[in-house]
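First comes the structure, then the notes that go with it.
These values consider heavy atoms only, across backbone and side chains, with no hydrogens, waters or symmetry-generated copies. Chain naming here is simple, since letters A, B, ... match the order of the sequence lines and numbering starts at 1 in each.
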Number of protein chains: 2
Amino acid sequence: MDSTLDPGLGLRIRRTESLTSLIRRELERMIEIGELKAGDRLNENALAAKLGVSRGPVREACRGLEQSGLVHVIVNRGVFVREISNREAAELYDIRASLYALAGRLLAPKITKKQVAELRRMTRRMEEAAEKDELNVFYPLNVRFHEAIVEFSGNGRLLSMCASVHREMHLFRRRTLDMPGRMKISNAEHTGIVDALEAKDSEKAARLMADHVLKSRELLFGPIGTPAD
Amino acid sequence: MDSTLDPGLGLRIRRTESLTSLIRRELERMIEIGELKAGDRLNENALAAKLGVSRGPVREACRGLEQSGLVHVIVNRGVFVREISNREAAELYDIRASLYALAGRLLAPKITKKQVAELRRMTRRMEEAAEKDELNVFYPLNVRFHEAIVEFSGNGRLLSMCASVHREMHLFRRRTLDMPGRMKISNAEHTGIVDALEAKDSEKAARLMADHVLKSRELLFGPIGTPAD
DNA sequence: TCATTGTTTATTGTCAACAATCTTTTGCGG
DNA sequence: CCGCAAAAGATTGTTGACAATAAACAATGA
């Protein structure tokens with residue numbers, strides 16, 4: 001498969017978007033799907049050749065990625081896909097819990113019937129996926145569910161921040177949710193969250209959102225404290 | 001005054017740090033002190049000439065700044081120091097409140113006597129500054145106080161995130177704290193926070209941290225809701 | 001006088017070459 | 001055979017030049 005950024009299409013695309021941003025998204029995608037694994041080095045020449053561009057835009061894209069925490073740069077050595085330690089992953093879970101709690105707190109007092117309906121629809125579909133034990137169906141819905149709540153909260157910066165944290169957590173290999181019965185438990189929590197939102201109970205929604213994330217954290221690291229390493 | 005990055009020093013510095021990161025910090029500084037104001041365009045040629053480097057590193061630095069939200073880039077138009085609307089500033093206050101609350105929650109159960117003493121020392125010095133109405137003394141201490149709590153919390157990512165949010169909020173012109181009596185009120189809240197931390201009362205510390213930030217928010221935007229614009 | 005269009009100028013986007021640095025290999029001596 | 005030093009190779013850091021685009025301006029016609 002040829003991963004070159006299509007140069008024919010390029011002429012049209014280039015008008016509204018720079019190569020740099022295209023490359024950054026492409027790199028994010030490669031990291032997300034695991035084509036680039038944690039610890040891998042990004043060879044600028046190789047990437048530039050593969051994408052059919054010069055090193056300039058590649059370097060600029062890498063600097064953007066560095067700031068968002070997906071890669072780290074060592075001077076004169078190169079840029080490396082970041083490795084997330086247990087400790088850092090745990091830290092990110094705490095942060096994510098706080099951000100999601102905020103989303104719940106903001107959304108509860110102003111959620112619309114339509115939004116509730118949409119969230120309910122998602123939980124129903126997740127229920128079905130859980131019944132059939134289809135993790136590959138459940139997982140994207142789960143992501144979309146949380147994203148929707150943050151989106152509905154109306155805080156744009158919160159949305160981009162959560163997306164950033166989410167991308168960063170993808171660098172952490174060990175995943176939750178793939179343990180038996182986890183999907184059903186998770187979805188029960190989802191239902192509770194929507195209930196609290198519908199009841200416009202800010203504090204309860206906030207608490208349930210945080211607990212939901214922290215439960216995932218506990219599954220990975222055990223009940224309390226910050227894991228070493 | 002000549003703002004050129006000293007090329008003599010450069011030879012020594014360049015070994016451990018790239019020009020890009022030096023330039024990024026310099027640009028952050030310029031934005032922080034207001035030498036570059038919100039809405040200003042960053043002319044790559046001019047900046048490169050002024051700093052005595054070529055455009056490459058300047059562009060890379062700008063891409064980093066873009067990701068951290070300090071500038072936004074319009075293709076073929078240039079990079080502009082970001083303008084923060086009332087709405088976005090309010091959003092940032094909410095986020096900051098949540099992050100600080102997390103810092104308080106994490107720190108409370110594990111704060112040491114030494115750390116309490118250090119925080120008390122700061123509140124005392126702020127008290128003095130408030131008595132003498134010295135805002136220029138109070139303000140950096142205030143910043144340092146909050147930074148210390150986040151630092152003591154032990155969550156490294158939280159620290160860098162708070163720093164990022166703080167830098168971004170600097171883009172917002174209207175400042176709080178410069179109203180009469182604000183310093184004393186603020187410092188009373190600080191004392192309450194340290195009390196809660198010393199008592200190892202996580203939830204109270206979290207709540208007080210959040211309230212402290214949200215009070216600033218209210219001073220700027222009024223009691224509730226998200227301001228338009 | 002005003003709007004529109006063509007031209008000029010300034011600025012950004014991209015590229016390819018050069019310099020500095022790090023890594024690997026090779027050769028030498030012990 | 002092993003350790004070490006020096007050279008070769010590979011990779012990043014930086015630069016200056018060129019191409020593409022947008023803004024500013026002038027000229028033309030209504």
Select base, sugar-phosphate, or nothing to describe what B:G78 touches, counting heavy atoms under 4.0 Å on all strands.
sugar-phosphate
Report yes if a side-chain nitrogen or oxygen of [X] is closer than 4.0 Å to either non-bridging phosphate oxygen (OP1 or OP2) of [N]; otherwise report no.
X: A:R55; N: D:dT14; result: no
X: A:N43; N: D:dT12; result: yes
X: B:R41; N: C:dT12; result: yes

Taking only residues two or more places apart in sequence, or in another chain, which ones meet B:F152 in a ring pair (Phe, Tyr, Trp, His ring centres under 6.0 Å)?
none
Taking only residues two or more places apart in sequence, or in another chain, which ones meet [X] in a side chain to side chain contact (heavy atoms under 4.5 Å, CB included)?
X: A:R125; result: A:L141
X: A:R87; result: A:S85, A:E91, A:T226
X: B:E151; result: B:R144, B:L159

Please list every donor-acceptor pair under 3.5 Å in which a side-chain atom of residues 67-74 of chain A meets a protein atom from a residue at least two apart or in another chain.
from  : atom 1 : to    : atom 2 : distance (Å)
A:Q67 : OE1    : B:R24 : NH1    : 3.2
A:S68 : OG     : A:L65 : O      : 3.1

Report the distance from atom [atom1] of [X] to atom [atom2] of [N], rounded to the nearest whole Å.
X: A:E44; N: C:dA16; atom1: CD; atom2: P; answer: 15 Å
X: B:N45; N: D:dT15; atom1: CG; atom2: P; answer: 13 Å
X: B:R77; N: C:dA10; atom1: CZ; atom2: P; answer: 18 Å
X: B:L19; N: C:dA20; atom1: CG; atom2: C1'; answer: 12 Å
X: A:N76; N: D:dG13; atom1: CG; atom2: P; answer: 6 Å
X: A:I74; N: D:dG13; atom1: CD1; atom2: P; answer: 11 Å
X: B:E17; N: D:dG13; atom1: CD; atom2: P; answer: 12 Å
X: A:L51; N: C:dG13; atom1: CG; atom2: C1'; answer: 17 Å

Would a line drawn from the ring center of B:Y100 to the ring center of B:H146 be shorter than 6.0 Å?
yes
Among the nucleotides C:dC15, D:dT11, D:dG13, whichever has the atom closest to the side chain of A:S54 is C:dC15
What residues 57-71 of chain A contributes to the DNA chain C interface at heavy-atom separation below 4.0 Å is A:P57
For the residue pair A:S164 / A:R167, report whether a side-chain donor-acceptor contact shorter than 3.5 Å exists.
no
